[in-house]
Amino acid sequence: MKQIVELTINGDPQSLAVEGHRSLLDTLREEAGLTGTKKGCDVGDCGACTVIVDGQPVNACLMLAVEAQGRNVETVEGMQQSIDILHPLQDAFMRHGASQCGFCTPGILMMARKLIEENPDPSDDEIRFGLSGNICRCTGYTKIFDAVRSAAAEIRAVRAQEETV
Amino acid sequence: MNKPANNLRNAFSTIGKSVKREDVIEKVTGEGVYVADLKPVGMLYGKIKRSEVAHARIKRIDVSKALAYPGVKAVLTHEDVPRVLHYGSPHPRSVSCTKDQYILDDKVRYWGEGVAAVAAISEEIADEALDLIEVEYEELPAVFTPEEAMKPGAPQIHEVGPGGNLVLDPVRVERGDVDKGFAEADFVLEGEFSGGRPMPGYMEPNVCLADWDGSGKLTFWTSTQSSFMVRGILAEVLGLPRTKVRVLVDHMGGGFGAKQDCFQHEFLCALLARETRKPVRMEFTRCETFLAGRSRHPFKLWLKQGFRKDGTITARDMRIVFDSGAYGSHSPGVTTVGTNSATSLYRCENVRLDGRAVYTNTPIAGAFRGYGVVQTYYALDIQMDEAAERLGMDPADLKLKNAVREGDIAPSGHAIVGHGLEACIEHGTRVFDWKGLRQGARCPDPAASHVRKGWGLGCEMHGSSAYPGIKEQGNALIKVNEDGSVTLMTGAAGLGTGAHTALAQIAAEELNMPFESVSVVHGDTDAVPWDIGAFASHTTYLVGSATRMAAAEARAGILRRAAEKLQTTADALDMVDGRIFLRASPDSGLTVAEAMGPTPGIPSANILGRGTYEPTKSYSFAAHFVEVTVDTETGLVTVDRVVPVHDVGKVIHPIAAAGQIEGGIQQGIGHTLTEDYIIDTETGRSLNAGLVDYKMPLSMDMPDIDTVILEAAPDPGGPWGAKGVGEDPIIAIGPAIANAIHDAIGVRFHHYPITPEDILNALNEKERQS
Ligand code: FES
Ligand code: FES
């Protein structure tokens, strides 16, 4: 039996007909056509499917679509500020080589965004801890740490400038 | 077309710079298309029923209930599919592979092997239908280790092959006079070594999508490193000409060598699509990436070396047995490369080697970064450390003394051209402060005497091609378009390494045009030139050289066309940064766009450049310096710091090269300390096929890595001297860690993974003995 789930995805109100057992991950990928969020395990072990629901990072493979009823879901597709302005994290990931195969990247970007929002000046240990639920098998994480540090600094600088204006 | 000479230029415009990778924008925006992101109209979902016994004949398989289940569109068993004996990995132009598998057989050879396949309108229905398939097995005696499999009278897993459960005839190498060498030795070291079953652990589970058109042509999207190899095997087994199989891959989520087989699910997906006349997508679960993916070969190795008092190695005798699992896959290549690698790294004139690969009723071992060399050099490098200890020498000094040199005969049988190992060891010794650290206290905090520190060194060398095992061919095609932009067409796969960017850099450099003017077309076997596949650390070296040749030809064509327009001769012209000018008066000239575009009487046109390159062999080198902490109460080993020093000849994209090194270190730390895919030796069942029980190093486990890239020994065979880097790091890190653990606690380990339990047991044993 399909149910109608009403939710907001990247600012767009949507109503989707989904089976009760469908995960939010499958719903995003198969029903909403948002395939940026990846499936690395489907059982909550890898973090590739990390999205933000009502401000909190969740593994979309562990959440049912019906649980997202009335909630606000953010995915990697909503990260860009505009068509040609990337989020500082996206830009930093490109510059620092933080994305190799890219399969972990959307999940790590979402998690890192949340991390920086909560803690604009994270220490190395805080970055490591913040990303400890996200597996990247390509990079050895070194370049990811570089990118997160650099994006955080950039965001802080922009903020400081805004405050002085 | 000859290869352009590596004339030394002081300044490079594009190579050596970390330009923005052309493919990464799609990765950070989520727009990059991976195969699982595709969903053509009417698509069905494929699933595989897997064996629950390790070795059996299928007596009966009843699919009637599954077929009758609403939503199920097709079910295939061994009775329904073509019965063609084929290879797992027939590298084209190579005879080194073993034909030992059918798409589906009436026999199963390991727990988890596919026995039937279903296509249904949803993944859930396909899954439910699997449970409705009834299989009756007649169980056969099984063997789960090479020791059991090699015993006389052991059950035979295959009818093909040399017998005795061997995948191929033993690989034997003999150089010099080993017996004489041992007679001349002042002392002899002998040891046994072994290693578990590490998995590549790529983040994207294997996935493919098949669709047939009305003309009987198969379009096949798949996550592969070797699309032309997939095309070749699919065509052969399905009885189609190559023109009727089109293989596509855009982005892929890692491979690390293991995605260069043509897998069972790939055939089944194609056949389900043909049967149902619908597109069918088949995606592995994470568990299936273990059951049906490819591991590194578990191994047992015996190594004996003779040494003189001055540290010279007088003789080396080695035997290695690789566990191939249920099928041959890459065992011939792995056995050949792994065995031969022991001829080198540390010089020795008298060498006797014997390498074997053995079938067992366990999941399939295949190609994986480090390809047999991980195993051999783990043993070799650890034994060098033991020799240094015995000699009272610093291991770095002993390794430096014996490091392979220019002109030595390489594992491939060629004289080594550039050798960078000495430079790596010397440089690393300095920047790591090796000597200073090793003089320091092993127990830095007297209040916590159970916490000990140690420092270790591991070295390696690795070929930037598969030659002479495979005579590779790299191809590139360059189109200079009528607006002056450039299209590079390559068959090289983009498995995440940044290879396409490196190739675009090479093209831009040789053309002497801006990097931004070059676009890369890849991933479509109907459109791009043939490619052997992205493996053997050879893409930059092999396809890079072909790209440079193509660019040189295109550049010559551009200059000829410009000469026509400027009414001069091509040799009177030069082109720098995309601007063509008269050498004699550099101020007058034109852009490539002007040269290519129309002028009265000369319509616009394209210029083609072609490059085909068949390399021999070059070697890259590395020395890894490692600091570990061992907690002697818990047995926990932490890798605190790594200084990997790599000689790559000429670096094309420094950040991408460093990324390869750091990622390889991550996998290598896992293999050495925590990762082991465990197969129950009573039943053959997989015990930890998931990311929680199979423990890979994550963000909290990674050490600080201070990567050093040297351009110590450029190789004339690569573009501007560039060599490979993909596999090297995973080879050096293992012995570096094992040696560092010894330095910390005085215990030698001859196996991996070295678990906390192993550490505690060994420490207890040491205490008992003292
Ligand atoms: S796919 Fe959700 S955690 Fe792995
Ligand atoms: S970039 Fe490949 S898994 Fe992270």
Side-chain angles (χ1 to χ4, degrees), chain A residues 19 21-22 26 29-30 33-48 75-80 86-87 89-106 109 124-125 127-145, chain B residues 18 20-21 23-34 36-39 122-124 200-205 251-256 283 285-287 494-498 653 655-656 658-667 669 690-692 696-700 702 704-705 707 729:
Chain A
E19 310 262 4
H21 60 258
R22 281 245 125 173
D26 283 343
R29 291 180 50 80
E30 306 268 329
L34 295 171
T35 53
T37 307
K38 298 299 178 212
K39 186 193 281 188
C41 70
D42 213 21
V43 289
D45 294 342
C46 77
T75 73
V76 69
E77 286 93 344
M79 228 178 146
Q80 261 165 284
L86 294 174
H87 187 279
L89 270 167
Q90 292 174 308
D91 193 54
F93 267 56
M94 289 185 66
R95 277 186 287 112
H96 289 275
S99 182
Q100 284 188 28
C101 80
F103 205 76
C104 67
T105 304
L109 283 171
D124 286 3
D125 281 346
I127 296 173
R128 283 171 188 271
F129 183 72
L131 299 180
S132 60
N134 292 77
I135 303 182
C136 173
R137 187 64 161 173
C138 295
T139 63
Y141 291 94
T142 312
K143 304 271 182 271
I144 295 176
F145 301 152
Chain B
S18 293
K20 267 195 189 176
R21 271 179 60 177
D23 57 334
V24 172
I25 179 94
E26 295 185 333
K27 296 182 196 279
V28 300
T29 54
E31 286 162 350
V33 176
Y34 299 72
D37 301 339
L38 296 164
K39 191 183 173 190
S122 77
E123 219 170 341
E124 292 83 355
Y202 38 74
M203 283 314 296
E204 177 199 35
H251 288 270
M252 67 182 285
F256 309 116
E283 191 181 353
T285 61
R286 178 52 59 182
C287 174
L495 62 162
T497 56
H653 191 294
I655 284 186
Q660 285 299 295
I661 293 166
E662 289 150 12
I665 288 172
Q666 175 186 17
Q667 282 180 324
I669 290 174
L691 295 174
V692 167
M696 311 200 292
L698 303 184
S699 56
M700 304 280 279
M702 286 306 293
D704 292 327
I705 306 176
T707 303

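What you see is a predicted model; the values in this text were computed from it and never measured. Numbers restart at 1 for each chain; the letters A, B, ... are given by sequence-line order, proteins then strands.
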[X], part contacting chain A, at a heavy-atom distance under 4.5 Å:
{"X": "B:Thr285", "answer": "neither"}
{"X": "B:Ile661", "answer": "neither"}
{"X": "B:Gln660", "answer": "both"}
{"X": "B:Ala656", "answer": "neither"}

Sort out for me which of [options] touches chain B most, counting heavy-atom pairs under 4.5 Å.
{"options": "A:Gly97, A:Ser132, A:Gly36", "answer": "A:Ser132"}
{"options": "A:Phe93, A:Phe129, A:Phe103", "answer": "A:Phe103"}
{"options": "A:Gly78, A:Gly130, A:Ser99", "answer": "A:Ser99"}
{"options": "A:Gly40, A:Gly133, A:Gly33", "answer": "A:Gly40"}

About how many Å separate [atom2] of [Y] and [atom1] of [X], when rounded to the nearest 0.5 Å?
{"X": "A:Met94", "Y": "B:Ile655", "atom1": "CE", "atom2": "CD1", "result": "11.5 Å"}
{"X": "A:Cys136", "Y": "B:Met696", "atom1": "SG", "atom2": "CE", "result": "9.5 Å"}
{"X": "B:Met702", "Y": "A:Thr139", "atom1": "CE", "atom2": "OG1", "result": "8.0 Å"}
{"X": "A:Thr35", "Y": "B:Lys39", "atom1": "OG1", "atom2": "NZ", "result": "11.0 Å"}
{"X": "B:Asp23", "Y": "A:Gln100", "atom1": "CG", "atom2": "CD", "result": "10.5 Å"}
{"X": "A:Arg137", "Y": "B:Gln667", "atom1": "CZ", "atom2": "CD", "result": "4.5 Å"}

Region of [X] that comes under 4.5 Å of a non-hydrogen atom in chain B:
{"X": "A:Arg95", "answer": "both"}
{"X": "A:His96", "answer": "backbone"}
{"X": "A:Glu30", "answer": "both"}
{"X": "A:Thr105", "answer": "side chain"}
{"X": "A:Ile144", "answer": "neither"}
{"X": "A:Asp124", "answer": "neither"}
{"X": "A:Leu131", "answer": "both"}

By salt bridge (Lys or Arg N to Asp or Glu O under 4.0 Å) - contacts of A:Arg22 (at least two apart): A:Glu31, B:Glu124
Side-chain heavy atoms of A:Tyr141 within contact of B:Pro697, under 4.5 Å: no
Check: B:Asp37 and A:Arg29 side chains under 4.5 Å, non-hydrogen atoms: yes
Under 3.5 Å: donor-acceptor pair, side chain of B:Lys27, backbone of A:Cys101: yes
Under 3.5 Å: donor-acceptor pair, side chain of A:Gln90, backbone of B:Val28: yes
Top contributor to chain A interface from B:Pro200, B:Ser122, B:Gly255, B:Gly254 [non-hydrogen pairs under 4.5 Å]: B:Pro200
Residue among B:Cys287, B:Gly664, B:Gly659 with most heavy-atom pairs under 4.5 Å to chain A: B:Gly659
Partner residues of A:Cys41 under the side-chain contact (heavy atoms from CB on, under 4.5 Å) criterion, sequence neighbours left out: A:Val43, A:Asp45, A:Cys46, B:Arg286, B:Leu691
Test log, rule side-chain contact (heavy atoms from CB on, under 4.5 Å), inputs B:Tyr202 and A:Cys138: CA-CA 8 Å; B:Tyr202 38 74; A:Cys138 295; over 6 Å; no
